[in-house]
Number of protein chains: 2
Amino acid sequence: MNNTNKTKQLDPAYVCGHKDPAAVRELLTKIGDKWSIFLVLSLAKIHGNRARFSELERSVPGISQRMLTLTLRNLERDGLVTREVFPEVPPRVEYELTVLGKSLLRPLDGLVEWVSVNWEDVKKAQSNFDSK
Amino acid sequence: MNNTNKTKQLDPAYVCGHKDPAAVRELLTKIGDKWSIFLVLSLAKIHGNRARFSELERSVPGISQRMLTLTLRNLERDGLVTREVFPEVPPRVEYELTVLGKSLLRPLDGLVEWVSVNWEDVKKAQSNFDSK
DNA sequence: CGGGATCCCGCCTGATACTG
DNA sequence: CAGTATCAGGCGGGATCCCG
């Protein structure tokens, strides 16, 4: 948990002052990563939040084997997914969202919701900006 | 919202039963951008959500002039900030969060909150992972 | 003061090949 | 099947110079 606790829900100062901005930025960088969110969200919608390597590879078209591996490693390192290796032939490895990983889905949904509501405005602003 | 309901279940990019995945990813990429969030959050905590170029440069330590300019341009293009030039000598330019920009603070705060609560766990997971 | 224009390097990432 | 190893291209971003 955190120590300082001046919780003002929407006060911008809270956003900037209260918490280490580097940590926030680090998280957002992770989240902003193309493959990370696709993987987290893919796992989120899979039954049991669990899938093996090849399943994930198929469920995230366009991802290279390399990036799939690297991204999964990072997610594992961050404690967002678990990696379980089964000593079989051929080998089988399953990845699963942790409780921590699932908890991230909630704030993530907040952003997704924001996109649903405001994305058209953003696109409109963009095309308007570009036409000048 | 409006997009055709051709919900491709197998579309990897399809986000958890939500809208346009590319848009979500695009937003997250923007948000994940180091300087973008720092600028948005800086503006958020400034009185009137308004500041001039040099103020922002000072309030976001480490940002280069180039990135400040580029990032502000992008934010303006996305309709998140406005840019107002005053025909003076020396020139003065002020940037201000738009209503749209401010609305983004709310979901953003959700992530910040998540960091406050879970960041230690993430760090713990990381060091634990690294020590193996 | 608030940029625009260039140069340039590091790292991210994709493609390809190999392996337990 | 689930990776690792290696090479190469792109580009994000800093540093620098200049201008209205």
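First the proteins, then the strands, lettered A, B, ... as listed; each starts at 1. Atom set for the values below is all heavy atoms of this structure, side chains included, hydrogens, waters and symmetry mates excluded. As the structure is a prediction and not an experimental result, all values here were calculated from the model.
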(message) Treating B:Ser36 as the side-chain partner and B:Gly32 as the backbone partner, does any N or O pair qualify as donor plus acceptor under 3.5 Å?
(response) no
(message) Whether B:Arg83 contacts C:dG2 is assessed here as follows: a side-chain N or O lying under 4.0 Å from the phosphate OP1 or OP2. Is that the case?
(response) no
(request) Among C:dT13, C:dG20, C:dG3, find the nucleotide with the atom closest to the side chain of A:Pro91. (result) C:dG20
(request) Kindly give the heavy-atom pair with the smallest separation between A:Leu97 and A:Lys102, and that separation in Å. (result) O-CE, 3.8 Å
(request) Could you tell me the separation between the CD1 atom of B:Ile37 and the CG atom of B:Leu105, rounded to the nearest 0.5 Å? (result) 12.0 Å
(message) So, taking the atom named CG in B:Leu75 and the one named CG in B:Leu100, what distance separates them when rounded to the nearest 0.5 Å?
(response) 11.0 Å
(request) State the CG-CG distance between A:Leu111 and B:Leu104, to the nearest 0.5 angstrom. (result) 7.0 Å
(request) Report yes if some heavy atom in the side chain of A:Leu108 is under 4.5 Å from a heavy atom in the side chain of A:Leu41; otherwise report no. (result) yes
(message) Using the rule that Ile, Leu, Val, Met, Phe, Trp and Tyr join whenever any side-chain heavy atoms are under 4.5 Å apart, tell me whether A:Val85 and A:Leu39 fall into a single cluster.
(response) yes
(message) Between B:Arg50 and B:Glu84 (salt bridge meaning N to carboxylate O under 4.0 Å), is one present in this structure?
(response) yes
(message) As an exercise, state the distance from OG1 of B:Thr98 to CG of B:Leu43, rounded to the nearest 0.5 Å.
(response) 10.0 Å
Using atom names, set out every protein N or O paired with an N or O of nucleotides 8-11 of chain C below 3.5 Å, distance rounded to 0.1 Å.
none

(request) Go through DNA chain D in 5' to 3' direction and return only the first and the last nucleotide with some atom under 4.0 Å of chain A's heavy atoms. (result) D:dC1 to D:dT6
(message) Just to be sure I understand the geometry, which residues of residues 69-77 of chain A put a non-hydrogen atom under 4.0 Å away from DNA chain D?
(response) A:Thr69, A:Arg73
(message) Just verifying a value: how many Å separate A:Phe129 CZ and B:Arg83 CZ, rounded to the nearest 0.5 Å?
(response) 8.0 Å
(request) Verify salt bridge (charged side-chain N to carboxylate O under 4.0 Å, His left out) between A:Asp121 and A:Lys124, making sure each step is shown before the conclusion. (result) CA-CA 5 Å; A:Asp121 285 349; A:Lys124 217 180 301 175; 3.7 Å; yes
(request) Note down the inter-axis angle between the two ends of the helix from C:dC1-D:dG20 to C:dG20-D:dC1, five pairs each, to the nearest 10°. (result) 50°
(request) Could you pull out the closest heavy-atom pair between A:Trp114 and B:Pro107, with the gap in Å? (result) CD1-CG, 3.6 Å
(request) Rounded off to whole Å, could you give me the CZ-to-P distance for the B:Arg52 and C:dC1 pair? (result) 8 Å
(message) Filter on salt bridge (Lys or Arg N to Asp or Glu O under 4.0 Å), then keep only pairs touching residues 24-42 of chain A, sequence neighbours left out; what's left?
(response) A:Lys30-A:Asp78
(message) To the closest 0.5 Å, what do you measure between CD (A:Glu76) and OG1 (A:Thr71)?
(response) 12.5 Å
(request) Indicate for each nucleotide in nucleotides 14-19 of chain C, in 5' to 3' sequence, whether protein heavy atoms under 4.0 Å reach the base (B), only the sugar-phosphate (S), or nothing (-). (result) BB-B--
(message) Need one value for A:Tyr95: base, sugar-phosphate or nothing, where a base atom within 4.0 Å counts as base even if backbone is also close, heavy atoms only.
(response) sugar-phosphate
(message) I'd like to know if B:Glu94 pairs up with B:Arg52 as an ion pair, taking the criterion as any Lys NZ or Arg NE/NH1/NH2 lying under 4.0 Å from an Asp or Glu carboxylate oxygen.
(response) no
